[in-house]
Amino acid sequence: MQRYRIIEDPIDIGEVVTKVEDRNAGAINTFIGTVREMTKGKKTVFLKYDAYVPMAEKKLEQIGDEIVEQYPEAKVAITHRIGRLDIQDIAVVIAVSTPHRADSFAASRYAIERIKEIVPIWKKEHWEDGEEWIGDQLEKKSYSKGHPEEEDLT
Amino acid sequence: MQRYRIIEDPIDIGEVVTKVEDRNAGAINTFIGTVREMTKGKKTVFLKYDAYVPMAEKKLEQIGDEIVEQYPEAKVAITHRIGRLDIQDIAVVIAVSTPHRADSFAASRYAIERIKEIVPIWKKEHWEDGEEWIGDQLEKKSYSKGHPEEEDLT
Amino acid sequence: MIEILLFAELEEIVGERKLTDPQLVGKTINEVREKLKQDYPNIKQIDRAMVAVNEEYAEDDQQLNEGDVVAFIPPVSGG
Amino acid sequence: MIEILLFAELEEIVGERKLTDPQLVGKTINEVREKLKQDYPNIKQIDRAMVAVNEEYAEDDQQLNEGDVVAFIPPVSGG
């Protein structure tokens, strides 16, 4: 079972959830990222996602490992889709199971934030009047040294 | 489309998620409550859930309304299963969509906490050596007046 | 007629989910609770129950009208 | 041989996702970056890119060995 995947086809939510089922899980949190039409008043027509696939899958796995280090009973699965996505399409599904609910929320939130920091996936927004590669990191911080600090990577 | 349901059959996660899809949702958080085998060292064999069905559906809807009051662009759907549930079975699925991810996490967390406060659903744990109706509220607070305070209900 | 609904452990103690009593019209919820404790001496847990009238949570001093449905709601444990 | 991978806007500017260059063995990542800026003057954005060697993030002063794959990773935007 491959728990960290980059795929080109639509993501099956149930399949991702199934990967984290566990007799001692009382909670499964899933985060589903979808393509939103309006961002800051601008209308998206469609998106294209690209990835450095083998490294992206490794980095998703690293995120899962980081979660298990913090929550030893957690199980994690993440699938990210690449290629052309239309409005409402699902770009990413994260599923985290834990014995108790608070940890499942915290770990799922951690996973999506980490994806936006270290996983080599890029989104190109296509509007009616143009297109642009988006760099989410720049919204929050700039890597002046050309790479993330040690704390962002490990 | 009925977005707040108490049912006796297995819950279809995808169906609950579909109810909150929206062109302006960028995030869907789902919380899935499952039957855990071990609780405080005690082994659960199966559970039985019962509910005051019409009032429970009303109270689920109230929780959704409370969320929309706080996050006007949110969409909420909640399905809770009753009857006999075995280990790993899904008891509840909450789905919340919002334009941005932080709100979807916060609202989904709010929903599960509120369910445990105000929705008339009861769980009877069956162990190998006995059975007992569980009152989650008592783990956190006791209603000495015999009813929740105003702030818990509205 | 007043309809009384009992759930979970309360239902098991009484052996019924639903009781009806025409004599409770005009009484308060508190009086209904006391009557149940008289009729079923081992229903002590009812003191911990919330109460709903017609599917909305209600205060103990609320008076009941003809046709009201009073539900005693033990500590809930959904989710 | 050193393999260079370029993604997103970097790929579009260069017109290739993959370049190979045997002369970069022994050079640092920083030297590779400077060479790319010489060869493709409009690749300014490469200064904002992270770098990975063999699929792990690396520091700018890392020296490259025969067979290394160097990926320039513009600010990511998955999720």
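Naming convention: chains lettered A, B, ... in sequence-line order (proteins, then strands); numbering from 1 in each chain. Since the structure is predicted, the reported quantities are computational estimates derived from the model, not experimental observations.
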Check whether more than 12 heavy atoms from other residues, nucleotides or ligands sit under 6.0 Å from atom NZ of D:Lys37, and answer yes or no. yes

Residue A:Gln2 excluded, over 12 heavy atoms near CD under 6.0 Å: yes

Testing the basics here: between A:Ala91 and D:Gly79, what is the closest heavy-atom pair and its distance to 0.1 Å? CB-O, 4.1 Å

Separation between CD1 of A:Ile118 and CD1 of D:Ile73, rounded to the nearest 0.5 Å: 10.5 Å

Is it the side chain or the backbone of A:Tyr52 that comes within 4.5 Å of chain D heavy atoms, both, or neither? both

Whether the side chain of A:Lys58 engages the backbone of D:Glu55 through a donor-acceptor N/O pair (distance < 3.5 Å, no angle test) should be reported. no

Can you tell me how far the CE atom of A:Met55 sits from the OH atom of D:Tyr57, to the nearest 0.5 Å? 4.0 Å

Most contact-rich option vs chain D, by heavy-atom pairs under 4.5 angstrom, among A:Val92, A:Asp50, A:Ile78, is A:Asp50

Give, as side chain, backbone, both or neither, the part of A:Ala51 having an atom under 4.5 angstrom from any heavy atom of chain D. backbone

For the side-chain hydrogen bond (donor to acceptor under 3.5 Å, both in side chains) test, which of D:Glu12, D:Glu9, D:Gln45 pairs with A:Trp133? D:Glu12

A:Lys19 NZ: over 12 foreign heavy atoms closer than 6.0 Å: yes

Please check if the side chain of D:Ser77 supplies one atom and the backbone of A:Trp122 the other of a donor-acceptor pair under 3.5 Å. no

Interchain contact, A:Ile115 with chain D, by part (heavy-atom threshold 4.5 Å): both

Short side-chain to backbone donor-acceptor contact, A:His80 and D:Gly78, under 3.5 Å: no

